[in-house]
Amino acid sequence: MATLRMIDIAVNFTDGMFKGIYNGKQCHVADVATVLNRAWSAGVDRIIVTGGSLEESKKALAIAEMDGRLFCTVGVHPTRCREFEEGGDPEKHYQSLLSLAREGIQKGKVVAIGECGLDYDRLHFCPSEIQKKYFEKQFELACATKLPMFLHMRAAADDFSEIVDRNKDRFAAGVAHSFTGSAEDRDKLLSFSNIFLGVNGCSLKTAENLDVVRGIPLERMMIETDSPYCEIKSTHAGIGYVKTIWPSKKKEKYDPESTIKGRNEPCLVRQVLEVVAGCKGIDDIDQLSKTLYHNTCRVFFPQDLDTTADALLSGSLTPAE
């Protein structure tokens, strides 16, 4: 199966589901190693583990150190931005994030600042003014570390675009991950030449979603699972384009040879690739995967870009068998 090369840019390995815990109940053993083996076999050769708070970013870094193919982000999710003020010293919190990011860079593991941005769908967790204040603050982290940004935008395109525009010289590039916005939102983000859009199962739910994805230029796209969330479900508009399936069982009947019903995992990024190919009418899925892989390396792994990779991408060089 593993002829394609893919990078899953968003996996929440800090989530309890990967420890076998669902709604506080232990249903099966922790199985990150099993999940990783399935991903590597499917053609995933790198994964970025998402950090969404200071403590979660510490855990993400610890997980990333388990395997040479794992990397992570450091930052604070918009719904958790109150944490900057909860300790009574926002600057100290910022310095802790900066210190963690620098430690992770030194270890070759931290590749982005985030997950940060704006989420106006969930203002009950954090009001918009606090979200905006500490979204802006995290551009300082990007500037100080010279890292790209791993961004989150929900129902906040105008304020998000305004803040990005104000700070566009403070970061080299970024991805608005798990993009589910309208065509107008898409075009707003694409107007920033250094912003890419991350597509997952949540981006492929409806016919309207598929139309929006059709309008994302391939050279500005990345793929992800955002697992254990955002799986492609049988009710989703994109399901007809899925070609590769894995056996699955309920969590209560755990089997390491099967995926778990209702829990997304990184091997399933291949399905995202298949739906993108299907909805865009692309037959050459191998070339598509190379393009998306190249985009991801440009932003998060620039040290891996070389003339060979460019030649492979253009099709002017055939890889050795």
Side-chain angles (χ1 to χ4, degrees), residues 7-15 18 32 46-87 89-119 125-126 130-153 160 163-164 167 170-178 194-196 198 222 224-227 266 296-297 299-303:
I7 300 172
D8 187 347
I9 64 161
V11 176
N12 299 284
F13 269 143
T14 59
D15 191 278
F18 291 113
V32 168
R46 277 178 252 204
I47 288 169
I48 300 176
V49 182
T50 314
S53 67
L54 176 58
E55 286 310 306
E56 194 174 272
S57 298
K58 288 177 185 174
K59 289 175 185 168
L61 177 55
I63 291 167
E65 290 183 73
M66 289 166 43
D67 192 293
R69 296 160 286 188
L70 296 178
F71 303 86
C72 68
T73 71
V74 168
V76 182
H77 190 281
T79 60
R80 301 189 204 159
C81 276
R82 286 180 191 272
E83 75 170 45
F84 275 95
E85 299 181 352
E86 280 167 353
D89 191 342
E91 186 55 32
K92 185 181 174 191
H93 200 74
Y94 168 84
Q95 290 299 332
S96 297
L97 288 162
L98 179 58
S99 166
L100 181 64
R102 285 182 168 152
E103 177 196 336
I105 292 166
Q106 217 161 7
K107 290 175 173 176
K109 289 295 178 184
V110 172
V111 295
I113 295 302
E115 179 175 355
C116 60
L118 299 176
D119 190 324
F125 288 121
C126 186
I130 291 179
Q131 286 192 32
K132 285 191 283 189
K133 182 176 180 180
Y134 294 108
F135 177 29
E136 194 122 27
K137 184 73 176 169
Q138 291 181 79
F139 285 93
E140 286 181 36
L141 278 176
C143 189
T145 57
K146 305 285 190 285
L147 286 175
M149 298 194 78
F150 187 81
L151 300 163
H152 175 106
M153 184 192 82
F160 183 93
I163 291 171
V164 169
N167 293 279
R170 300 172 88 186
F171 73 110
V175 60
H177 105 101
S178 193
N194 60 346
I195 296 247
F196 292 71
M222 298 182 196
E224 56 174 271
T225 57
D226 204 23
S227 51
T296 309
C297 286
V299 175
F300 297 117
F301 307 102
Q303 70 280 7

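Predicted model, so just to flag it, every value in this text is computed and none were measured.
- Proximity of a side-chain donor or acceptor of Q138 to a complementary backbone N or O of V76 within less than 3.5 Å is detected.
- For T73 (side chain) and G114 (main-chain N/O), a donor-acceptor pair under 3.5 Å exists by modelled atom type.
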May I have the step-by-step check of side-chain contact (heavy atoms from CB on, under 4.5 Å) for N12 and S227, ending in yes or no?
-> CA-CA 6 Å; N12 299 284; S227 51; over 6 Å; no
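- The closest side-chain heavy-atom distance from F196 to V299 is below 4.5 Å.
- From H77, atom NE2 reaches atom OG of S57 across 11.5 Å, with rounding to the nearest 0.5 Å.
- Summarising the geometry, atom NE2 belonging to H177 is positioned 5.5 Å from atom CD belonging to E224; distances are rounded to the nearest 0.5 Å.
- Summarising the geometry, atom NZ belonging to K109 is positioned 6.5 Å from atom CG belonging to D67; distances are rounded to the nearest 0.5 Å.
- Ring pair Y94/F84: centre-to-centre distance not below 6.0 Å.
- Checking side-chain atoms of Q131 against main-chain N and O of D119 turns up a donor-acceptor pair under 3.5 Å.
- For the residue pair A144 and R102, the shortest heavy atom distance occurs at O-NH2, 3.9 Å.
- Separation of atoms CG (L97) and NZ (K58) is listed at 9.0 Å; rounding is to 0.5 Å.
- Rounded to the nearest 0.5 angstrom, C116 SG and F139 CZ are separated by 6.5 Å.
- Residues I163 and L118 form a side-chain contact, since some pair of their non-hydrogen atoms from C-beta on lies under 4.5 Å apart.
- Between F13 and P266, the shortest heavy-atom distance links the atoms CZ-CG, 4.0 Å.
- Within the 4.5 Å cutoff, the side chain of C72 has no heavy atoms near those of the T50 side chain.
- The two atoms that bring E56 and R80 nearest to each other are OE1-NH1, 3.1 Å, heavy atoms only.
- Taking each heavy atom of F300 and P302 in turn, the nearest pair found is C-CD, 3.3 Å.
- The minimum heavy-atom distance between E83 and S53, with the atom names listed, is OE1-CB, 3.0 Å.
- Salt-bridge annotation for K137 and E91: present, with a side-chain N of the basic residue lying under 4.0 Å from a carboxylate O of the acidic one.
- Residues F135 and N167 are not in side-chain contact: their nearest non-hydrogen atoms beyond the backbone lie 4.5 Å or more apart.
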Start with the C-alpha distance between C81 and K133, add both sets of side-chain angles, then the distance that settles side-chain contact (heavy atoms from CB on, under 4.5 Å), and finish with yes or no.
-> CA-CA 9 Å; C81 276; K133 182 176 180 180; over 6 Å; no
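- Using a 4.0 Å cut-off between charged nitrogen and carboxylate oxygen, K107 and E103 count as a salt-bridge pair.
- Among I9, L70, D8, V11, the single residue meeting the side-chain contact (heavy atoms from CB on, under 4.5 Å) criterion with I48 is I9.
- Across all non-hydrogen atoms, the minimal contact from V164 to I195 is CG1-CD1, 4.1 Å.
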